[in-house]
Amino acid sequence: MSEGGGRPEGRPVRWGILATGSIAGKLAGDLAPLPDAEVTAVGSRSPQSAEAFARRFGIPRAHGSWAALAADPDVDVVYVATPHNAHHAAVRRCLEAGKAVLCEKPFTRSAAQAEELVDLARERGVFLMEAMWMYCNPAIRRMAELVRNGAIGEVTAVHADFGIGGPLDPGHRLLDPALAGGALLDLGVYPVSFAHLVLGEPAEIAAWGRLRGGVDVSTGMLLGYASGAVAALTCSLVADTARTAAVTGSRGRIEFPRGFFSPERFTLHREGAEPEEFAGPGPAGSFAHQANEVMRCLRAGETESPLVPLDGSLAVMRTLDAVRDRIGLRYPGE
Ligand SMILES: NC(=O)c1ccc[n+]([C@@H]2O[C@H](COP(=O)([O-])OP(=O)(O)OC[C@H]3O[C@@H](n4cnc5c(N)ncnc54)[C@H](OP(=O)(O)O)[C@@H]3O)[C@@H](O)[C@H]2O)c1
């Protein structure tokens, strides 16, 4: 890491935020109450945006370029919060400067881009993690543990959906193919990552997507696994769906209510038993769990998080690539 690459021992972990949009603001807000964290710098494509963001969140340094942020010696880890199309270039810039990186989901636009970044991080021994905050959520972790320990027997099916009703502003990044918009990469990445957590990488992938203006507005996926399990997943920019998820096994079922990607609780149903409610420690909607995992890794000198493993992010990107292939979704330049 920076300042000679030492671990941040005995002092807060110093965060740099790359980009100044809505989710960058959420992370800045969620880091503020953490005693272990300090946001020391922000970087933007424009000095004015960086300065405005720095003023808003009381951040000491504002950089008018990604390069200046990556070179800042008072930053231990950079949070990349650009639109999807720019994740690869931004992460690469930071890794090349030796900075640890937490990169927003989807990890990149394609599996090839993700592989390049993972290879670079591993080659240089620099920390890299996809901001798949769902995997750091305590209720999701508890569910995965129950499933691993056989609480519902052998997993036979996963169902999950994430749809928003819109309508979106015509200039919204989700409708812009140049920004790698669409439902799949932005929302579908959650159901796909959820299925991956309990079933691993699928052996067979079928998908149908409705494309409009160069992005997918609704996509349905059927994933088949070597074990015989299936996953039925959907995502949409034009349907405010239930946003629920369920994992079914040979001896029971686990159900997540609306907002399965940042749940506070879930229900375990087992044959012959009353339903059991599990609640994770909150706050469920906060990025604190994910930020704490990043800081734990940095202090321990770990370059990959066991909660959000890079091999898992790569597998999810391969699945998203295959779904895009099935529905004919190509972004400019591909
Ligand atoms: N974890 C979650 O719950 C969650 C929720 C929403 C979004 N996200 C992810 O976070 C990322 C950003 O989403 P957002 O909703 O914050 O988007 P946003 O509000 O549009 O902000 C994106 C920011 O990126 C920069 N940017 C814009 N266009 C760019 C371009 N063409 N190339 C490089 N940088 C550009 C801009 O900052 P500057 O002008 O400062 O460069 C902009 O403010 C996406 O990958 C999204 O999937 C995650």
Side-chain angles (χ1 to χ4, degrees), residues 16-31 41-57 59 62-70 78-94 101-110 113-114 117 129-137 140 162 164 168-194 215 235 237 243 259-263 283-291 293-294 308 313 316-317 320 331-333:
I17 298 185
L18 189 152
T20 57
S22 66
I23 213 66
K26 174 163 168 56
L27 186 86
D30 286 355
L31 286 177
V42 57
S44 166
R45 295 165 305 163
S46 102
Q48 292 81 1
S49 293
E51 276 153 26
F53 192 91
R55 269 196 308 278
R56 187 171 148 214
F57 293 100
I59 299 170
H63 298 291
S65 73
W66 298 352
L69 175 68
V78 175
Y79 169 61
V80 169
T82 67
H84 317 150
N85 65 303
H87 288 180
H88 175 259
V91 172
R92 195 187 162 121
R93 168 82 64 165
C94 296
V101 176
L102 172 69
C103 175
E104 260 310 333
K105 42 55 62 174
F107 200 28
T108 48
R109 197 174 68 167
S110 66
Q113 287 188 343
L117 296 180
M129 175 177 140
E130 179 190 6
M132 183 39 70
W133 62 310
M134 174 173 73
Y135 284 174
C136 301
N137 174 288
I140 291 281
F162 193 168
I164 58 173
L168 296 167
D169 180 271
H172 197 281
R173 67 174 174 81
L174 286 178
L175 299 179
D176 189 345
L179 301 184
L184 178 68
L185 290 198
D186 203 81
L187 307 174
V189 65
Y190 287 105
V192 169
S193 298
F194 183 87
V215 302
C235 55
L237 300 180
R243 302 181 201 163
F260 74 88
F261 43 85
S262 66
S286 165
F287 283 172
H289 302 298
Q290 137 178 293
E293 171 61 3
V294 170
V308 194
S313 297
V316 166
M317 286 312 309
L320 295 175
Y331 293 116

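Just follow the structure's listing: the first ligand is 1, and inside any ligand the first atom is 1.
- Closest to atom 48 (C) of ligand 1, if we only count protein heavy atoms, is Glu104 OE1, 3.1 Å.
- Annotation for ligand 1: atoms under 4.0 Å from non-hydrogen atoms of Ala86 are 32 (N), 33 (C).
- Nearest to atom 2 (C) of ligand 1 by heavy-atom distance, out of Phe261, Tyr79, Tyr190, Phe53, is Tyr190.
- In terms of protein heavy-atom proximity, atom 37 (O) of ligand 1 is closest to Thr20 N, 3.2 Å.
- Protein heavy atom at the shortest distance from atom 7 (C) of ligand 1 is Arg173 NH2, 3.4 Å.
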> After noting the C-alpha distance and the side-chain angles of His87 and Cys103, does the key distance pass the side-chain contact (heavy atoms from CB on, under 4.5 Å) rule?
Replying inline: CA-CA 7 Å; His87 288 180; Cys103 175; 3.7 Å; yes
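- No hydrogens or angles considered: a donor-acceptor pair under 3.5 Å links the side chains of Tyr79 and Glu104.
- Within the set Lys26, Met132, Lys105, the minimum heavy-atom distance to atom 47 (O) of ligand 1 is found for Lys105.
- Near Trp66, with a cut-off below 4.0 Å to any heavy atom, the atoms of ligand 1 are 33 (C).
- The distance from ligand 1 to the heavy atoms of Trp133 drops below 4.0 Å at these ligand atoms: 1 (N), 2 (C), 3 (O).
- Of all atoms in ligand 1, numbered sequentially from 1 with element shown, those under 4.0 Å from a heavy atom of Ser44 are 38 (P), 39 (O), 40 (O), 41 (O).
- Taking a cut-off of under 4.0 Å to the non-hydrogen atoms of His87, the atoms of ligand 1 that pass are 45 (O).
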> Can Asp186 and Lys105 be said to form a side-chain contact (heavy atoms from CB on, under 4.5 Å), step by step?
Replying inline: CA-CA 7 Å; Asp186 203 81; Lys105 42 55 62 174; 3.6 Å; yes
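- Nearest protein heavy-atom contact of atom 44 (C) of ligand 1 is Thr82 O, 3.4 Å.
- Within a 6.0 Å radius of CZ in Arg243, other residues, nucleotides and ligands contribute more than 12 heavy atoms.
- Contacts between Arg45 and ligand 1, counted as non-hydrogen atom pairs separated by less than 4.0 Å, involve both the backbone and the side chain.
- The shortest side-chain heavy-atom distance between Met134 and Ser262 does not fall under the 4.5 Å cut-off.
- Nearest heavy atoms, Thr20 versus Ser49: OG1-CB, 3.7 Å.
- By heavy-atom distance, the residue among Ala81, Gly21, Ser22, Ala178 lying nearest atom 42 (C) of ligand 1 is Gly21.
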>> What verdict does the side-chain contact (heavy atoms from CB on, under 4.5 Å) test give for Val215 and Leu174, after you've listed the backbone C-alpha separation in whole Å, the side-chain angles of each residue and the deciding distance to 0.1 Å?
In response: CA-CA 8 Å; Val215 302; Leu174 286 178; over 6 Å; no
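- Under a 4.0 Å criterion applied to the non-hydrogen atoms of Leu179, ligand 1 contributes the atoms 31 (N).
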> Where do Met132 and Tyr190 land on the side-chain contact (heavy atoms from CB on, under 4.5 Å) test, with the steps shown first?
Replying inline: CA-CA 8 Å; Met132 183 39 70; Tyr190 287 105; 4.0 Å; yes
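- The side-chain heavy atoms of Val78 and Leu102, taken from C-beta on, include no pair separated by under 4.5 Å.
- Contacts between Asp186 and ligand 1, counted as non-hydrogen atom pairs separated by less than 4.0 Å, involve the side chain only.
- Residue, atom and distance of the protein heavy atom nearest to atom 24 (O) of ligand 1 are Pro83 CD, 3.1 Å.
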>> Show, in sequence, the C-alpha distance, side-chain angles and deciding distance for Phe194 and Phe261, and conclude whether the ring pair (Phe, Tyr, Trp, His ring centres under 6.0 Å) test is met.
In response: CA-CA 8 Å; Phe194 183 87; Phe261 43 85; over 10 Å; no
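- For atom 6 (C) of ligand 1, the nearest non-hydrogen atom of the protein is Ile23 CD1, 3.5 Å.
- Using a 30° and 60° split on the angle between ring planes, Phe53 and Phe57 fall in the tilted class, from 30° to 60°.
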